[in-house]
Amino acid sequence: MTTSFLDSLDAGRLCWDELQPFPREDPAEREAGDARVAHLVELLAGQLDPEEVDRIRELPAGLVEALKRHGYFAMSVPPELGGLGLSPYHVFRLIEGAAGWSPTAGLLLGLQNTAGAPALLPALPPGPVRDFVSRRIAERATSGWADTEPAGHNNAAPGTTATPTADGTAYLLDGEKLFIGNGSIAELLVVTAVVPDPDRRRVCVCFVDTSSPGFSVVSNVDFVGFAGLPNGYLRFDGVRVPRDQVFFTAEDDVRLSPTVAAVAILGRHTMMATPAVAIARRCLEFSADFVNRRTIDGRPLGGYDQIQRIVAATLADIFAIESVVAWNLLGCALTDRWFERYVTKNIATLAAWRVADRTVSLFGGEGVETPASKRRRGVPALPVERLFRDARMLRVAGGVDFQADHVAGRLLLSRYYGPAQRRPSGTVADADPDVARDADLTPANRDHLRAAAAEIRRFKQTCLNVVARHHSLPSLLVDEERLVLLGGLARELLTMSVVLARAASREAEDGQVLADVYCVQARHRLDDLWRRLPYGAEPDYAKLSTAYLSGGS
Ligand SMILES: Cc1cc2nc3c(=O)[nH]c(=O)nc-3n(C[C@H](O)[C@H](O)[C@H](O)COP(=O)(O)OP(=O)(O)OC[C@H]3O[C@@H](n4cnc5c(N)ncnc54)[C@H](O)[C@@H]3O)c2cc1C
């Protein structure tokens, strides 16, 4: 059985043995993956100029068709349906490669492959819905996942309704969806909707052909980053969806079915972490270019202490994202390591944000100067400011950053109020006398490992204290600050543990020093989260904000 870091968090004891041996990609698969990445990047480079796309805010004509022709719109789909049949890790590497050339192209591919109909296929049981979706995938339909609505993504149920027709052969879809990736070009949309039944409110997924009467793209949505990404504000006005295109599960909300939830979590993981790691890597390359051509007072910039720290921190952040992704995907099944995959959205996008932010500072004026302006001056037109805009977007798309920590905290702690057989233990496991005893780590990393183990103990005890304070789930849910902080602590502890496990595997050159740099930074962030956690006297945030929002001064 595949192990999960949740075992450690639930026990309050770092299960170091479960992180060993650290997963590795099969060398033959790696070679095949490298070749495919090279092909995709070459295809993109021949068709798409990222600067031009940023300027005109549109993808080149013919790009989508070219990607489809080579199977890149069906990466994980079985070959018998015209797909490439790739593993989740291989899909990750391919989309990351595309995002390295153009984050917009990466997100386009992410939306299609990890959120659209091809991603849902493994969750569909044999039957008419699966047959319909398979046929449309084989026809290479462009797809997207339409869930967010103008009223807000975080509402528990969609406002869009699917009303059964009198003869029972179809549903009529009414509502609006907003910010839908690929929505303005999609041929087959996956749309969440509620069946308006006073006795049993059910949320279903409708596979909607966008050629159906009543469907319209109200407007194209344009963002500060990811320029050119097809994104739409969509309307469904009595769209007739045949019964065989509507998917229900035993759960009242299809999104809560274990397989659909696993597909959604894996998809969000890959869609968000691929551009994140690609942006971080490009920033690193740009940093090297800048530092190596710059001197200050006749001394190479790379010789200064602060600059060395910046470059090292970026290297370590990239090492951390890569390590977590390998842990999440290699040798795992669809439903494995769901918690790790869920929190990786923030692990990857916050790391990418740190990298982009420090790269802007490193570049000084050139960090906020447009490539066109750089070209006019005759300096390398590195698009740092564009990647900075893209990186900021990643903290919103797929769930706002603090909200993602909030949900992670809720997922962890709500289990303490669930059925007894699934409830985490009510005690903290005995401490391991020395978790670092046999770890193949440098003295500094052994110290980090002991610190991680101690913090995992403290984390478990804190969860128990918070649960003891809230005798019911509704009471816990009001305590948003604690949930956000615990969600943040959990992802930092996961990343630190996984980074150390990878370093101990001696698989990566410089793994030990990368882990050391990463853990030092992570421990500063952990200290900050712990400092904010205790209950006690706090400023009256509610009073201040309520007074202002209700029209006070
Ligand atoms: C580039 C991009 C691509 C996207 N692609 C898609 C897509 O393909 N399909 C799709 O369905 N959506 C997509 N989205 C939408 C995206 O998932 C949402 O924008 C995001 O989840 C935030 O939701 P919202 O904009 O509706 O804000 P809201 O959910 O309305 O949130 C507004 C504010 O309220 C806060 N908030 C919400 N709930 C709570 C709470 N309980 N307690 C405290 N604060 C709360 C939020 O954190 C936020 O600060 C995309 C967005 C972007 C930017």
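All ligand and atom numbering here is 1-based and tracks the order in the structure. All figures in this text were calculated on a predicted structure; none of them were measured in a lab.
Nearest to atom 12 (N) of ligand 1 by heavy-atom distance, out of Thr148, Val396, Val221, is Thr148.
The part of Gln403 lying near ligand 1 is the side chain, judged by heavy-atom distances below 4.0 Å. At a 4.0 Å heavy-atom cut-off, ligand 1 touches Leu111 through the side chain alone. Residue contacts with ligand 1, taken as heavy atom pairs separated by less than 4.0 Å, do not involve Phe226 at all.
Atoms of ligand 1 lying under 4.0 Å from any heavy atom of Asn231, numbered from 1 in the order shown and given with element: 3 (C), 4 (C). Under a 4.0 Å criterion applied to the non-hydrogen atoms of Trp145, ligand 1 contributes the atoms 7 (C), 8 (O), 9 (N), 10 (C), 11 (O). Distances below 4.0 Å separate heavy atoms of Gly181 from the following atoms of ligand 1: 5 (N), 6 (C), 7 (C), 8 (O). In summary, the atoms of ligand 1 found under 4.0 Å from a heavy atom of Met393, numbered by their order in the structure, are 1 (C). Counting atoms of ligand 1 from 1 in the listed order, those under 4.0 Å from a heavy atom of Glu480 are 40 (C), 41 (N), 42 (N), 43 (C). Counting atoms of ligand 1 from 1 in the listed order, those under 4.0 Å from a heavy atom of Gly398 are 16 (C), 17 (O).
In this structure, Phe236 and Phe215 have tilted ring planes: the angle between them lies in the 30° to 60° band.
For ligand 1, the polar-atom distance check finds an N/O of Asn154 within less than 3.5 Å of one of the ligand's N/O atoms.
For Thr148 against Ile180, the heavy-atom pair with the smallest separation is O-CD1, 3.9 Å. Between Arg140 and Lys68, the shortest heavy-atom contact is O-NZ, 2.8 Å.
Between Phe5 and Trp327, the distance from one ring center to the other does not fall under 6.0 angstrom.
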